[in-house]
Engineer: 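Structure below; questions to follow.
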Amino acid sequence: MSVHDPYGLGDRVAVVTGAGSGIGRATAQVLAAAGAFVVCADINGAAARATAEGIGKAATATGLDVSDRAPVFALIEGTAAEHGRLDILCNVAGIIRTGRVVDVPEADLDAVWDVNFKGTFHGCQAAARIMCEQGGGSIVNTASSAVDTATPEIMSYSVSKAAVVQLTKNLATEVGPFGVRVNAVAPGLVRTAMTARHYLLPDGSIDEAARAAAEKPLRRISPLGLIGEPEDIAYAVRYLVSDAARFVTGQILRPNGGAAMPW
Ligand SMILES: NC(=O)c1ccc[n+]([C@@H]2O[C@H](COP(=O)([O-])OP(=O)(O)OC[C@H]3O[C@@H](n4cnc5c(N)ncnc54)[C@H](O)[C@@H]3O)[C@@H](O)[C@H]2O)c1
């Protein structure tokens, strides 16, 4: 007798953006391990290929810039056409620029908005059309703890992620009647290339002592004393896209070590 595993993703077809590094790569690996076929997309095509090759037969890779609308639609529509359906979209690709509000160049504001918000929007729009027509699917967007606090010098990033939260909720209300769920994760600090860039040594390795010193006060914010690893977020995403979350939509799940506990 076979028992349905509500967390299993057997036969599901997934697209993961930002799959060449960090949280996106871990998400692609975790979804594939749960049984999904995963299309790994990243502006860094070689990195996306490395992720897909590491997964094996259950993955392919493509290089694309999520801020560019036409290739995002081509990827999502092409995936659905090739596999006969699209069950999962994880919008993970993202960038950050730092600077005080009074100093932020307009080009930085635009760059962050175009990748973090518009990139997520393009994916949501393309996938929602297909998922509504097929009568089911699950989208997970990537927000950030930055939406729960007012952190200095990352305004453009925080604003883009706040917009991702609102997009997630608005879209959930529109596509729910078609059996499509839309949620977001809002990770706390996670050890990835994005957060390691402050501690890079000239040879490309990470100054672990400098990173540990910088993480010390941040660990104190977490009741668990933890800094996140990419898998911590990927497991939350896996839950959200699975049947175990069939009653969950329009929600922001916060894998953040308890660093922020908003209502
Ligand atoms: N690391 C953290 O502490 C943290 C916390 C909260 C939220 N996030 C969010 O998680 C997501 C993943 O971040 P990460 O920490 O894994 O960073 P990362 O830099 O390790 O990975 C980001 C990936 O996105 C890709 N990417 C960037 N711009 C792209 C574009 N225009 N089109 C396609 N791909 C693009 C990069 O090439 C890279 O592979 C981001 O949206 C980020 O904002 C990260």
Side-chain angles (χ1 to χ4, degrees), residues 15-30 39-52 54 61-72 74-76 89-98 108 110-124 140-149 151 154 156-165 167-168 184-200 206 211 214-215 218-219 221-222 226-234 236-237 252-257 259-260:
V15 169
V16 178
T17 72
S21 174
I23 295 168
R25 173 170 282 177
T27 299
Q29 292 167 337
V30 165
V39 178
C40 304
D42 201 289
I43 197 167
N44 183 341
R49 277 193 295 284
T51 302
T62 185
L64 97 180
D65 178 349
V66 294
S67 68
D68 202 351
R69 181 177 173 83
V72 174
L75 169 71
I76 288 174
L89 170 66
C90 301
N91 286 305
V92 190
I95 59 170
I96 191 165
R97 297 278 188 279
T98 49
D108 278 9
D110 289 345
V112 171
W113 180 256
D114 285 353
V115 176
N116 293 7
F117 176 69
K118 283 183 75 177
T120 302
F121 167 73
H122 295 324
C124 281
V140 176
N141 296 327
T142 309
S144 165
S145 280
V147 303
D148 296 323
T149 54
T151 309
I154 57 165
S156 46
Y157 180 79
S158 305
V159 166
S160 72
K161 294 299 188 178
V164 166
V165 166
L167 165 64
T168 300
V185 284
L189 186 71
V190 180
R191 289 180 142 207
T192 66
M194 182 180 277
T195 49
R197 70 193 191 289
H198 305 294
Y199 323 115
L200 276 185
I206 292 168
R211 176 148 88 168
E215 284 179 355
L218 298 168
R219 281 182 192 280
I221 302 171
S222 158
L226 286 175
I227 303 291
E229 297 293 342
E231 292 73 20
D232 293 318
I233 313 309
V237 173
I252 314 303
L253 183 55
R254 294 174 161 84
N256 63 14

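Order of listing sets the numbers, starting from 1, for every ligand and every atom in it. Residue numbers run from 1 in the order of the sequence given.
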Engineer: Using a 3.5 Å distance criterion without hydrogens, assess whether the side chain of Thr120 forms a donor-acceptor pair with backbone atoms of Asn91.
Structural biologist: no
Engineer: Has Asn116 got a side-chain atom pairing as donor or acceptor with Ile95's backbone, closer than 3.5 angstrom?
Structural biologist: yes
Engineer: Strictly distance-based, threshold 3.5 Å: is any side-chain N or O of Arg25 a donor or acceptor partner for the main-chain N or O of Gly20?
Structural biologist: yes
Engineer: Would you confirm whether Ser222, through its side chain, and Leu218, through its main-chain N or O, come within 3.5 Å as a donor-acceptor pair?
Structural biologist: no
Engineer: Are side-chain heavy atoms of Arg197 and Thr98 found at a separation under 4.5 Å?
Structural biologist: yes
Engineer: Which N or O atoms of ligand 1 sit under 3.5 Å from a protein N or O, and how far apart is each pair?
Structural biologist:
residue	atom	partner	partner atom	Å
ligand 1	1 (N)	Val190	O	3.2
ligand 1	1 (N)	Thr192	OG1	3.1
ligand 1	3 (O)	Val190	N	2.7
ligand 1	3 (O)	Val190	O	3.4
ligand 1	8 (N)	Tyr157	OH	3.4
ligand 1	15 (O)	Thr192	OG1	2.5
ligand 1	16 (O)	Ile23	N	2.8
ligand 1	20 (O)	Ser21	OG	2.6
ligand 1	31 (N)	Asp65	OD1	2.8
ligand 1	32 (N)	Leu64	O	3.4
ligand 1	32 (N)	Val66	N	2.9
ligand 1	34 (N)	Ile43	N	3.1
ligand 1	37 (O)	Asp42	OD1	2.6
ligand 1	39 (O)	Asp42	OD1	3.3
ligand 1	39 (O)	Asp42	OD2	2.6
ligand 1	41 (O)	Val92	O	2.8
ligand 1	41 (O)	Lys161	NZ	2.9
ligand 1	43 (O)	Tyr157	OH	2.6
ligand 1	43 (O)	Lys161	NZ	3.1

Engineer: As a quick check of understanding, evaluate side-chain hydrogen bond (donor to acceptor under 3.5 Å, both in side chains) for Thr168 and Asn141, giving each step before the final call.
Structural biologist: CA-CA 7 Å; Thr168 300; Asn141 296 327; 3.0 Å; yes
